[in-house]
Amino acid sequence: MSSTSSPVLKAPHVATAPPFARRPRRLAIALALVALAVAPGELGRLTRALLTDAYVQVSVFVAATLFVFYGAERLFRFRIGDALANARGWQVPIAAMLGATPGCGGAVVVVAAYSSGHVSFGAVVATLTATMGDAAFLLIATRPDAAAVVLPISLALGVLSGWIVDRLPQVDLRTDAARAPHAPPLIGRTRPEHMAYLVCGAPGLIVGVAQLAQIDMPTILGVPVLWIALAGTGIGLFIWATSPLQAMTNPEDPPVARMAEETAFISIWVIGAYLAYDYAVAFAGLDLRAWFGAIAPVLPLVGVLIGFVPGCGPQVLVTTLYVNGLVPFSALMANAISNDGDALFPAIALNPRAAVVATLYSAVPALVAGYAFHILAPGFMN
């Protein structure tokens, strides 16, 4: 078992360098994204649409989750990382249950706790194995009978996988920053850009929830969703480009500041993944539907491979193909366990090495479950 004791941190410090002098590379990336968004023609139109999707489909949910957790910490005077660390034998089951919650919130909490040394690596494997991301919403809404099978199995395999991994020889996959002797720098107060991010996030969250309910909302309170999303994205880019932080905030900072800083950091990875995938579809001809043109025995493997693709889009596509009768239940089952949906974004952002290894570990139960249904019950739930 890997140690889950809290690292000893020295007193936090406050960065004094001018904001843009701290992170010139971040500023260059932010300006490049702005240039892509204002580019003429199809490139600019697609980029703006993808920035909107990344914001209302992922960023606002990450922000809401972090705000709730950090607000609860401040209100009730406790530390979530400490609570998970003290859970002992219940740590892996709790991590799996957090991951089984649709969306990415549970993974943010568990991976952040691992990066700071509060939970074992098995907890990370459990949460990423158990999660189905946003595809769970679609499956629950359209095929609740299938969801009643997929989600409990994913949860159970997440717990089992986490326990097994914790009994394997352990390699410390925490980031170097997590081992640093100093606590993250103090932001010190809630800044205007933090409040602006919160203000944009509220209507963005309403739009995101409406999309999950398959309700189209092109405007909210008379304001186009595109404007709200681009404003929120722009504020997030400013926060990220001027932040003295690497990823995690100091627990002594106000909840709104912590939410805005960490969400801005995670959102950069979300944006990068959204652009990479959809640029490949639009300009390189990537067609995931064609992957399912293979013969039946290969379909569970295809489901697992698509599960490696970060984001909710590919995974929602697999669920949609199943709902429409185009792929068997075995492929859906394999994909549901293998995929991390939007949960992989914060996991990669907070700890890339742990996220990749945990995702590879999740492929094992995904293949076992997928081929078990393929061989033993080929017509089940089809």
Side-chain angles (χ1 to χ4, degrees), residues 5-31 59 62-63 65-75 77-82 84-85 108-119 172-198 201 232-271 345-355:
S5 58
S6 301
V8 177
L9 301 178
K10 295 182 180 179
H13 61 284
V14 179
T16 57
F20 287 110
R22 299 180 193 136
R23 305 287 187 182
R25 187 175 300 176
R26 291 188 183 186
L27 176 60
I29 294 173
L31 292 175
S59 295
V62 173
T65 301
L66 293 179
F67 183 68
V68 169
F69 276 103
Y70 292 151
E73 280 188 334
R74 180 62 60 90
L75 180 63
R77 301 177 183 272
F78 80 103
R79 298 281 176 85
I80 293 171
D82 292 340
L84 284 170
V108 175
V109 174
V110 176
V111 178
Y114 174 75
S115 294
S116 58
H118 288 95
V119 301
D172 189 358
L173 297 172
R174 290 179 297 161
T175 60
D176 292 337
R179 304 188 194 99
H182 292 284
L186 276 171
I187 301 299
R189 61 186 175 86
T190 301
R191 297 176 177 175
E193 59 265 33
H194 300 151
M195 288 303 303
Y197 198 75
L198 177 66
T233 301
I235 296 168
L237 288 175
F238 176 81
I239 293 172
W240 176 73
T242 60
S243 176
L245 305 176
Q246 177 59 36
M248 303 303 297
T249 54
N250 193 291
E252 300 302 321
D253 274 320
V256 173
R258 299 186 69 191
M259 172 276 295
E261 293 281 343
E262 293 186 19
T263 304
F265 181 87
I266 291 169
S267 294
I268 290 298
W269 290 84
V270 177
I271 291 169
F345 291 131
I348 291 174
L350 296 173
N351 195 318
R353 290 179 296 172

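Just so it is clear, the structure is predicted and the values come from calculations on it, not from any experiment.
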Between the CH2 atom in W240 and the CG atom in L237, the distance rounded to the nearest 0.5 Å is 7.5 Å

Separation between CD1 (I271) and CD1 (I268), nearest 0.5 Å, reads 5.0 Å

Between H194 and A260 the two heavy atoms that sit nearest each other are CD2-CB, 3.7 Å

The side-chain contact (heavy atoms from CB on, under 4.5 Å) partners of R189 (sequence neighbours excluded) come to R191, P192

| Quick check: does any side chain N or O of R77 sit under 3.5 Å from a backbone N or O of A72, one acting as donor and the other as acceptor? | no

Output for pair (E261 CD, I239 CD1), nearest 0.5 Å, gives 6.0 Å

In short, P352 meets W269 closest at the heavy-atom pair CG-CH2, 4.4 Å

Residue set satisfying side-chain contact (heavy atoms from CB on, under 4.5 Å) with A28, at least two apart, ordered chain then number -> none

Heavy-atom closest pair (I235 atom, A196 atom, distance to 0.1 Å) is CD1-CB, 3.7 Å

With side chains defined as the heavy atoms from C-beta onward, is the minimum distance between P185 and N250 less than 4.5 Å?
no

- [ ] Start with the C-alpha gap between L84 and V109, add the side-chain angles, then the distance that decides, and say whether side chain to side chain contact (heavy atoms under 4.5 Å, CB included) holds.
- [x] CA-CA 10 Å; L84 284 170; V109 174; 4.1 Å; yes

Across all chains, not counting sequence neighbours, the salt bridge (charged side-chain N to carboxylate O under 4.0 Å, His left out) partners of E73 are R258

- prompt: With side chains defined as the heavy atoms from C-beta onward, is the minimum distance between P244 and I187 less than 4.5 Å?
  reply: yes

Between the CZ atom in F265 and the CZ atom in R26, the distance rounded to the nearest 0.5 Å is 6.0 Å

Sequence neighbours excluded, the answer for side-chain hydrogen bond (donor to acceptor under 3.5 Å, both in side chains) partners of S59 is S267

Separation between OG1 (T249) and OH (Y70), nearest 0.5 Å, reads 5.0 Å

Residues A264 and G236: closest non-hydrogen pair is CB-O, 3.4 Å

